[in-house]
Amino acid sequence: MTYDVKESFTSVPEQPSAATSPATAAAAAPAPPAPAALAAKVRTLAPSMTRSMQRVAEAVAADPAGCAALTVTGLAELTGTSEATVVRTARLLGYPGYRDLRLALAGLAAQQQSGRAPAVTADIAVDDPVADVVAKLAYDEQQTLADTAAGLDTVQLGAAVAALATARRIDIYGIGASGLVAQDLGQKLLRIGLVAHAHSDPHLAVTNAVQLRSGDVAIAITHSGSTGDVIEPLRVAFDHGATTVAITGRPDGPVAQYADHVLTTSTARESELRPAAMSSRTSQLLVVDCLFTCVTQRTYETAAPALAASYEALAHRHTPRNR
């Protein structure tokens, strides 16, 4: 079995050929992101863009109403870039062209005017009172979850769920904070009767990946998308014919080359007092819960009795014993 390495997300999609009908091309193309998902897309993809594309993305995220009123030439002049850069940025964000991006910007501006988000950020200062720290962290967690939900590709999620529901065996790879998320997913899947194992030891991960084949699933969890200790076992699983899934904040990162399905998490800003690992874990856990819940739905006839049995097996540990 042979596989083509996936193209980087930074490449510009090819235009439909003359032999392709407009209806066929429209059906094959993914739907542009909804206006609510635009800001999340910018936050997620901006770190991997070129500097000129970042200027365009930052401009549309900062002032959607103002940019919606600009032509492609006007936005290029405003950001000190070229018209081609503006179009490439629009396509990277998921829109067929600049016209579609302008429509999304107008929609986002209308939503913001009807109900703006609270004026609070997660920039925590050393001397912030406890109440402010709680408020800022709570808002940042909410924003991270909202961004992840808005940017999550439900088609990719559905395909990953279908593979997990029928998998003979499931391997999950994660290091550090992502390793904790891998363990969470592994124990969830075990409790509904699936054969799932989480690996945080890179050597053990690779030796297990060698045993995978068609009908098995391998999941890599890496916020950066470039963690070698996670990419290596996923590549081995990919080469051996397993269905592969990447949960990552960088959908254009190296891990995507070996992933049949990519589930994108929100990329929150890192601060001195709040490392990226904290917010990335929040978005990863949301994706894990989506996977687990949807797999449980699909396998309910077997999952429900298995889940009930696991609860019953542990019930005595939650009941105070009489001495």
R298 versus A165, closest heavy-atom pair with distance: CD-CB, 3.5 Å
Working for side chain to side chain contact (heavy atoms under 4.5 Å, CB included), residues V287 and T148: CA-CA 8 Å; V287 174; T148 298; 4.0 Å; yes
Atom pair OG1 (T144) and CZ (R281), whose distance is rounded to the nearest 0.5 Å: 12.0 Å
Shared hydrophobic cluster, L285 / V262 (ILVMFWY, side-chain heavy atoms < 4.5 Å): no
G97 to A90 - nearest heavy-atom pair and separation: O-CB, 3.9 Å
Atom pair OG1 (T299) and CG (L194), whose distance is rounded to the nearest 0.5 Å: 6.0 Å
T154 side-chain N/O to L157 backbone N/O, donor-acceptor pair under 3.5 Å: no
Distance-only donor-acceptor check, side chains T227 and T222, under 3.5 Å: yes
Euclidean distance, L189 CG relative to L291 CG, rounded to 0.5 Å: 8.0 Å
Single-linkage hydrophobic cluster V217~L190, side-chain heavy atoms < 4.5 angstrom: no
Given V288, L286, T293, the one that forms side-chain contact (heavy atoms from CB on, under 4.5 Å) with C290: L286
Spatial distance of atom OH (Y95) from atom CG (L101) [nearest 0.5 Å]: 6.5 Å
Same apolar cluster (I L V M F W Y, side chains within < 4.5 Å links), I231/I247: no
Under 3.5 Å: donor-acceptor pair, side chain of D260, backbone of T244: yes
Qualifying residue, where the test is side-chain contact (heavy atoms from CB on, under 4.5 Å) with V56 and the options are T50, T85, L92: T85
Under 3.5 Å donor-acceptor, T71 side chain and G74 backbone: yes
side-chain contact (heavy atoms from CB on, under 4.5 Å) partner of Y98, the single match among L103, L70, T73: L70
Closest non-hydrogen atom pair, R168 against Q211: NH2-O, 4.0 Å
Shared hydrophobic cluster, L152 / V245 (ILVMFWY, side-chain heavy atoms < 4.5 Å): yes
Distance in Å, Q257 CD paired with R235 CZ, rounded so as to fall on 0.5 Å steps: 11.0 Å
Which atom of G193 lies closest to which atom of A306, heavy atoms considered: N-CB, 3.8 Å
L93 and M49, any side-chain heavy atoms less than 4.5 Å apart: yes
Single-linkage hydrophobic cluster Y258~V255, side-chain heavy atoms < 4.5 angstrom: yes
Minimal non-hydrogen separation, T79 against A59, with atom names: CG2-CB, 3.7 Å
Closest non-hydrogen atom pair, A218 against L234: O-CD1, 3.7 Å
Donor-acceptor contact below 3.5 Å, side chain R213 vs main chain A242: no
Presence of salt bridge, R169 and D171, under 4.0 angstrom: yes
Exam field: side chain T166 to backbone A162, donor-acceptor pair closer than 3.5 Å: yes
Linked hydrophobic residues, V206 as query - side chain contacts closer than 4.5 Å: V210, V236
Solution key, residues 177-186 side-chain donor-acceptor pairs under 3.5 Å, sequence neighbours excluded:
{"residue": "S178", "atom": "OG", "partner": "Q284", "partner atom": "NE2", "Å": "3.2"}
{"residue": "D184", "atom": "OD1", "partner": "K188", "partner atom": "NZ", "Å": "3.0"}
{"residue": "D184", "atom": "OD2", "partner": "K188", "partner atom": "NZ", "Å": "2.8"}

Heavy-atom donor-acceptor pair, D216 side chain to L212 backbone, under 3.5 Å: no
Any donor-acceptor pair under 3.5 Å from S266 side chain to D147 backbone: no
